[in-house]
Structures are given as C-alpha cells and as structure tokens.
S.K.: 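Right, I'll just put the structure down here and ask away after.
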Amino acid sequence: MYLYNSLTRKKEKFVPREQGKVYMYVCGITAYDLCHIGHARAAVVFDVLVRFLRYLGYEVIFARNFTDIDDKIIKRANELGIPWNEVAKRYIEAFYEDMAKLNILKPTFEPRATEHIKEMQELIQVLIDKGYAYVTSDGDVYFRVRAFKSYGKLSGRDIEELKAGARVEVGENKEDPLDFALWKSSKPGEPWWDSPWGRGRPGWHIECSAMSEKYLGLPLDIHGGGQDLLFPHHENERAQTVAARDIEFVSYWVHNGFVQVKGEKMSKSLGNFVTLRAIYEKFLPEVLRFFLLTKHYKTPLDFSYENLEEAEKALKKIYEAKKAIKEVIQSNPTKNTPIPEEIVNEVNEFKEKFKKALEDDLNTAAALGFTFNIVKIANRLTQEKSFKKSKNVTSVLTKILDGLNELGEILGVFSSDPDKFLAELKNKKLERKNINREEIEKLVLERSLARKNKDFKKADEIRDRLFKLGVVVKDTPHGSIWDVE
RNA sequence: GGCGGCUUAGCCAAGUGGUAAGGCAGAGGUCUGCAAAACCUCCAUUCUCCGGUUCGAAUCCGGAAGCCGCCUCCA
C-alpha cells in the first residue's frame with residue numbers, strides 16, 4: 001500500500017508501527033449544523049481506506065471524534081434558544097443518520113471532546129510544565145509557538161511569514177500573535193469546566209491530541225482529514241503532541257481534496273453548500289457515494305446535479321450487468337461453448353488490477369475503470385446467444401459476480417442485490433421526476449395489448465406518450481418492461 | 001504578498017519515461033414489427049502554451065498563461 005503523506009509531500013510505502021495493525025484517526029465534525037457533501041467526501045474517503053486496509057488483512061483501530069463544545073456550537077445554541085449540549089446532541093444524531101445512509105462503517109472509537117476534559121487538562125499541564133504553554137492573567141492558556149522548533153513543518157509554512165498575517169483578537173492576552181489557545185476561560189453564560197487555571201473550556205486543537213493518544217497510542221499510523229484542516233488544526237495538533245511527548249505524532253498524514261461548486265470550494269461561509277439531506281431527497285445515497293469515488297481523493301471534485309446523474313447512470317450500468325448475470329446463472333444453461341482466452345485472462349486479472357489501483361494511494365477512479373471493463377465482458381457473456389446458454393460461461397459469470405461483490409464491498413458501492421437497488425432507483429427517479437406510477441403502468445398495459453393485436457401504430461403512439469412523460473419501454477421476450485429515463 | 005495544487009476529447013476522468021484506461025454524450029452496424037437495452041466498430045497522432053533533457057515525454061527540467069486552495073472558522 002502506498003499513501004501520499006502530507007508531511008513529507010511524497011507518496012510513501014505504508015508501514016504501520018505494529019505489524020498487521022493500523023491505528024488511524026480522522027477529524028470528525030463539529031456538531032453545530034447538518035452535514036454537506038464536503039463532509040460526505042471526507043467520510044467516504046476514509047471509510048474506503050479503512051475497508052481496504054482491512055481487506056488487505058490489517059486490523060484497523062479507527063477513531064473519529066466529535067467536537068461537541070466549541071464557539072460555533074455556543075453561537076448556534078443562542079440562535080436556536082436551546083442549551084449548547086442540545087445542539088451538539090441534535091447534530092450528532094443527524095450525522096449518524098446521514099452517514100449510515102452513505103454506508104459509512106462505525107469507527108472503533110468515537111470520542112467526544114466533553115468526555116475528555118481531564119485528558120486535555122493533563123496534556124495542557126505537561127505543555128505548561130515543559131515551557132511550551134503559559135497561563136495568562138485572564139485564565140487562558142496558550143501554546144507558545146516559538147518555543148516549538150518544527151512549527152510549520154507539516155503545512156510547509158515559515159513562522160516569520162505566518163507572523164505577518166497573524167491577528168490578535170480583542171481581549172486576547174498572548175505573548176505572540178502566533179500562539180493559539182489550549183484553554184479558554186469562560187465568559188458569563190458560557191459552559192465551563194473547572195481547571196487548575198480557572199473555569200473554562202478547551203481550545204479546539206487540544207482535543208484531537210488528547211483523544212487520539214488515549215485511544216490509539218503514539219505515533220498514530222494514519223491521521224486523516226480534509227485539506228482545510230492541514231493548517232492550522234493539524235499543524236497545531238502536531239505541535240501539541242510532539243512538544244509534550246517528544247515523539248513524532250503521526251506517521252502518515254492523509255488529506256482529502258475539497259468538493260467544489262463551479263470551481264469554488266463548497267463551504268458554509270460561501271453559502272454554496274448542499275446538505276446530504278437535500279441530495280437524499282433526489283438521489284439514492286449510494287449514487288452520491290459512487291460519485292465521490294469517481295475522482296482521486298486528493299484532487300478537487302466539482303459537484304453538480306448533472307455530474308450526479310452521470311454517476312447514477314454509471315452505477316446503474318454495473319447493477320444491470322449484475323442482474324443479467326444472476327438471471328443467466330439461474331437459467332441453468334447446459335451447452336458448452338469455448339470462451340475466448342482474452343476474456344478468461346481479463347476475468348482472472350480483474351481483482352488483481354483493482355487491488356493494485358487501490359494500493360496506489362487509493363486510486364478509486366482507476367479501480368472503477370477496471371470495473372467497467374469487466375462489466376463489458378459480463379454483458380457480452382450474458383447477451384450473446386452463443387454464450388448465454390452455456391454451462392461453462394456460468395462459472396465465469398459466477399466468478400465475475402463474486403468479484404464485483406467482493407470489490408464493491410471495499411468501495412461500499414455496487415455490492416447490494418441488483419433487483420433491490422434497481423427497484424429503489426426506479427422509485428427515486430419517479431419521485432424526482434414527479435411521475436405517477438399507476439398512470440405509467442396503465443399505459444404500458446394498454447400498449448402491450450395493442451402489440452398483441454399487432455396494432456403497432458397505437459403501440460408506438462403510447463410509447464411516444466410515455467417517452468414524453470420520461471419513461472422508456474423495452475420489449476423483451478417476457479413482455480414489456482419500463483424504466484425512468 | 002507567502003506557500004501549495006491543478007490544466008488530458010463536447011462533458012466527467014485514469015495515466016508519474018515506452019507510444020493516450022474508463023464513464024456520459026455522438027455516428028454506423030447486429031438484434032427488433034419499429035424501438036429501447038446490450039454487443040461490435042468509430043469518436044484525442046495528441047495531453048494549456050513555449051523552450052530544453054532523452055533513442056523516446058501527457059509524464060522529467062526551465063519559462064509563460066489560466067484556474068483553485070491555504071495563510072481566519074471550515075471535511
């Protein structure tokens with residue numbers, strides 16, 4: 001397995017600290033609002049990484065945190081007129097619902113910041129004792145950035161240049177503008193915890209350092225998150241842990257690229273975000289997941305409903321091939337037809353190629369390319385008369401189907417039952433395009449009757465009508481079937 | 001301004017020195033009452049541009065242009 005490591009800015013061979021085990025941490029959400037596609041991308045990317053590492057035989061111990069106390073949560077609570085912990089609870093629940101639909105596996109640990117105040121305080125105390133942090137007269141605690149020599153190493157920043165852009169907020173009492181908060185004294189009306197430095201609450205960065213170490217030990221094999229977390233969040237996490245423990249924090253830093261809309265980053269501040277719930281109203285979650293995997297995880301991914309529809313078509317193509325395979329296998333063919341060698345070879349190589357692509361810095365786009373190659377072969381075997389009545393073809397098809405299911409399980413897509421998926425997809429598209437099912441079925445029946453009576457003129461008229469409604473009819477030996485365009 | 005990234009067909013997108021995967025759209029054919037789906041064939045002599053290294057470059061080096069991100073909360 002090779003991974004691009006943000007720390008070294010190189011693709012590197014992945015070697016975990018303990019043989020056969022991977023300790024992985026990913027920054028989760030701050031629970032103050034609904035998740036959008038950007039959150040989904042991060043979740044899917046690291047979910048696939050976990051699944052693939054497990055497929056390779058590693059035991060993966062995976063922690064993903066919830067930031068459940070933070071300025072934004074307090075702000076949101078004031079807006080909604082409910083307690084801050086209610087805000088966190090509400091959005092954590094929403095997160096679970098949205099992620100379950102996306103087929104994201106549950107991490108081994110899901111630590112919450114508010115449940116680890118003690119661990120954070122202990123870590124802060126170590127930093128104070130070692131001279132890496134200081135307490136102000138207001139009861140805030142700051143990290144002394146200049147005391148930490150390799151600050152900026154992860155994000156490739158120069159401390160002098162950072163200084164030029166650094167700002168000091170009103171009321172802050174820092175030694176240096178670069179210093180960041182480890183502990184913030186509470187203002188009236190804000191939640192607080194007791195601490196050696198007075199009542200207050202933790203800064204954002206310290207939770208990840210404290211919780212990742214507690215659950216996974218050091219150094220973490222993999223630390224993931226969105227590219228936007230690289231600076232300052234991850235840089236600060238690294239500073240805290242390295243300064244306190246005198247050991248490198250993370251072996252492999254992995255950052256996923258942004259989801260963009262018309263070339264711009266999708267974000268709260270730009271207001272161009274699309275929530276997962278909005279997507280789910282129109283598309284199956286699996287379609288979104290598939291879409292998110294069509295591009296390499298590091299590069300920006302442009303979101304549009306057109307692109308989602310393309311992903312939907314592509315995914316449908318795989319499921320239709322699976323459905324056809326199932327049907328041929330169930331028909332118990334008896335003949336024996338020689339299968340061209342190149343087909344046999346390609347089927348045999350499929351899994352290996354797919355795996356190679358994922359081993360190369362999780363190249364899901366390339367893996368999907370190989371998937372379509374095999375889909376094409378499967379279609380040929382199920383559609384061509386000479387093949388589809390053959391017994392030996394069935395064994396090849398079984399191999400393809402098993403392969404698709406096995407590999408689909410890594411990506412978390414196209415591994416469901418095809419009939420189930422296609423039925424759900426049809427419903428979703430009917431809903432999306434506002435098509436009345438009864439009306440369509442009535443027309444299709446009418447047309448079938450007309451065809452039976454060889455009244456092709458009427459049949460074609462009805463077909464045109466259906467087409468205008470957004471429905472395509474296909475005539476098969478077993479009768480007419482229809483689908484949403 | 002500093003740092004980083006990107007630019008491959010009408011669109012989406014792989015490809016990190018050996019002669020351009022895949023998907024969508026499009027054209028022709030097989031099948032079909034006609035269609036649809038599927039299959040077969042075709043669809044980038046060329047990878048933003050200009051130089052260079054090399055037997056050989058989309059891939060390496062230098063330069064230019066355009067776009068994007070981070071530098072403040074953000075997946």
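Please read these numbers as outputs of a predicted model, since none were measured by experiment. Chain naming here is simple, since letters A, B, ... match the order of the sequence lines and numbering starts at 1 in each.
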S.K.: Answer yes or no on whether R157(A) is positioned over the face of F231(A), meaning its NZ or CZ is under 6.0 Å from the six-membered ring centre and within 45° of the axis.
M.R.: yes
S.K.: What is the nucleic acid contact for F370(A), judged by heavy atoms within less than 4.0 Å: base, sugar-phosphate only, or nothing?
M.R.: nothing
S.K.: What class does the angle between the rings of F273(A) and H36(A) fall in, given that below 30° is parallel, 30 to 60° is tilted and above 60° is perpendicular?
M.R.: tilted
S.K.: What is the distance, to the nearest angstrom, from the CG atom on N373(A) to the P atom on C39(B)?
M.R.: 12 Å
S.K.: Base, sugar-phosphate, or nothing for R380(A), non-hydrogen atoms under 4.0 angstrom?
M.R.: sugar-phosphate
S.K.: Each nucleotide N or O in nucleotides 5-10 of chain B that has a protein N or O under 3.5 Å away: list the pair and distance.
M.R.:
none

S.K.: When we call it a touch if two heavy atoms are under 4.0 Å apart, what does G38(A) touch: a base, just sugar-phosphate, or nothing?
M.R.: base
S.K.: Summarise how protein sits on nucleotides 25-35 of chain B as a single string, 5' to 3': B when a protein heavy atom is under 4.0 Å from the base, S for sugar-phosphate-only contact, - for no contact.
M.R.: S-------BBB
S.K.: What contact category does H36(A) fall into here, base, sugar-phosphate, or nothing, at under 4.0 angstrom with non-hydrogen atoms?
M.R.: base
S.K.: Using a heavy-atom cut-off of 4.0 Å across all strands, would you classify G369(A) as base, sugar-phosphate, or nothing?
M.R.: base
S.K.: If you measure from the C1' atom in C3(B) to the same atom in U8(B), how many Å do you get, rounded?
M.R.: 27 Å
S.K.: Looking at U16(B), which nucleotide sits across from it as a Watson-Crick or G-U wobble partner, both distances under 3.5 angstrom, or is there none?
M.R.: none
S.K.: Could you tell me whether V26(A) contacts a base, only the sugar-phosphate backbone, or nothing, with contacts defined as non-hydrogen atoms closer than 4.0 Å?
M.R.: nothing
S.K.: Touch check for G257(A), heavy atoms < 4.0 angstrom, all strands: base, sugar-phosphate only, or nothing?
M.R.: base
S.K.: Give the intermediate values and the outcome of side-chain hydrogen bond (donor to acceptor under 3.5 Å, both in side chains) for residues N103(A) and R51(A).
M.R.: CA-CA 11 Å; N103(A) 198 10; R51(A) 287 167 184 251; 3.3 Å; yes
S.K.: Classify S267(A) by what it touches in the nucleic acid, base, sugar-phosphate, or nothing, heavy-atom distance under 4.0 Å.
M.R.: base
S.K.: Over all strands shown, is A365(A) touching base, sugar-phosphate only, or nothing at heavy-atom distances under 4.0 angstrom?
M.R.: base
S.K.: Any side-chain N or O of K72(A) under 4.0 Å from OP1/OP2 of C73(B)?
M.R.: no
S.K.: To the nearest Å, give me how far apart CG (L229(A)) and C1' (C70(B)) are.
M.R.: 11 Å
S.K.: According to a strict under-4.0 Å criterion, is N379(A) in side-chain N/O contact with OP1 or OP2 of A37(B)?
M.R.: no
S.K.: Would R64(A) and F109(A) count as a cation-pi pair here, with the cationic atom under 6.0 angstrom from the ring centre and within 45° of the axis?
M.R.: no
S.K.: Give a yes/no verdict on a cation-pi contact between K72(A) and Y32(A), requiring under 6.0 Å between NZ or CZ and the six-membered ring centre and an angle within 45° of the axis.
M.R.: yes
S.K.: What integer distance in Å separates L154(A):CG from C71(B):C1'?
M.R.: 14 Å
S.K.: Applying a 4.0 Å non-hydrogen cut-off, can you work out what K454(A) is touching in the nucleic acid: base, sugar-phosphate, or nothing?
M.R.: nothing
S.K.: Considering only C24(B), A75(B), C71(B), which nucleotide approaches the side chain of K317(A) most closely?
M.R.: C24(B)
S.K.: What is the distance, to the nearest angstrom, from the CG atom on N272(A) to the C1' atom on G69(B)?
M.R.: 13 Å
S.K.: What distance, rounded to whole Å, do you find between the two C1' atoms, one in C43(B) and one in C11(B)?
M.R.: 14 Å
S.K.: Angle between ring planes, H234(A) versus H223(A), binned at 30° and 60°: parallel, tilted or perpendicular?
M.R.: perpendicular
S.K.: Would you please indicate yes or no on a ring centroid separation below 6.0 angstrom for Y91(A) and Y96(A)?
M.R.: no
S.K.: Just to be sure I understand the rule, does D228(A) reach a base, reach only the sugar-phosphate, or reach nothing, if contact means heavy atoms closer than 4.0 Å?
M.R.: base
S.K.: Any side-chain heavy atom of R432(A) sitting closer than 4.5 Å to one from F283(A)?
M.R.: yes
S.K.: From C-beta outward on M266(A), which listed nucleotide comes closest to its side chain: C71(B), A75(B), G23(B)?
M.R.: A75(B)
S.K.: Work out how far the P atom of U19(B) is from that of U59(B), and round it to whole angstrom.
M.R.: 15 Å
S.K.: Quick one: look up who G1(B) pairs with, Watson-Crick or G-U, both distances under 3.5 Å, and put none if it's unpaired.
M.R.: C71(B)
S.K.: So what does E306(A) touch, heavy atoms closer than 4.0 Å: a base, only the sugar-phosphate, or nothing?
M.R.: nothing
S.K.: Please state how far atom NZ in K295(A) lies from atom C1' in A13(B), giving the value in whole angstrom units.
M.R.: 8 Å
S.K.: Would you say C40(B) has OP1 or OP2 under 4.0 Å from some side-chain N or O of K376(A)?
M.R.: yes
S.K.: Only one of L308(A), N272(A), L292(A) forms a side-chain contact (heavy atoms from CB on, under 4.5 Å) with F303(A), so which one is it?
M.R.: L308(A)
S.K.: Whole angstrom is fine here: how far is it from NE2 in H223(A) over to C1' in A75(B)?
M.R.: 11 Å
S.K.: Would you indicate which nucleotide in A75(B), A36(B), A14(B) comes nearest to any side-chain atom of V472(A)?
M.R.: A36(B)
S.K.: Enter the distance from L182(A):CG to D140(A):CG here, rounded to the nearest 0.5 Å.
M.R.: 10.0 Å
S.K.: Write down the partner of C42(B) under the Watson-Crick or G-U wobble criteria, each distance required to be under 3.5 Å.
M.R.: G26(B)
S.K.: With rounding to whole Å, what would you report as the distance between A14(B) and U7(B) at their C1' atoms?
M.R.: 15 Å
S.K.: Quantified in whole Å, what is the C1' atom distance between nucleotide U46(B) and nucleotide A20(B)?
M.R.: 7 Å
S.K.: With rounding to the closest Å, how many angstrom separate the C1' atoms on A44(B) and G2(B)?
M.R.: 38 Å
S.K.: Could you check how far CG of L368(A) sits from C1' of C24(B), rounded to whole Å?
M.R.: 14 Å
S.K.: What I want to check is whether the side chains of N173(A) and Y142(A) have a donor and an acceptor closer together than 3.5 Å.
M.R.: no
S.K.: A36(B) phosphate, OP1 or OP2: any side-chain N/O from W482(A) under 4.0 angstrom?
M.R.: no
S.K.: Assign each of D360(A) and E264(A) to its nearest nucleotide of RNA chain B by heavy atoms, then name whichever residue's nucleotide is nearer the 5' end.
M.R.: D360(A)
S.K.: For E310(A), check side chain to side chain contact (heavy atoms under 4.5 Å, CB included) against everything at least two apart and list the hits.
M.R.: none
S.K.: Under a 3.5 Å limit for both distances, which nucleotide forms a Watson-Crick or G-U wobble pair with C49(B), could you say?
M.R.: G63(B)
S.K.: Considering only side-chain heavy atoms of K265(A), which listed nucleotide, C71(B), A14(B), G69(B), is closest?
M.R.: G69(B)
S.K.: Rounding to an integer number of angstrom, what distance separates A37(B) and A25(B) when you compare their P atoms?
M.R.: 8 Å
S.K.: Just checking, R238(A) and F249(A): is the charged tip under 6.0 Å from the six-membered ring centre and within 45° of the axis?
M.R.: no
S.K.: Whole-Å distance between C71(B) P and F258(A) CZ?
M.R.: 8 Å
S.K.: Can you say whether the rings of H233(A) and H205(A) are parallel (under 30°), tilted (30 to 60°) or perpendicular (over 60°)?
M.R.: tilted
S.K.: How far, in whole Å, is A21(B) from A58(B) if one measures between their P atoms?
M.R.: 13 Å
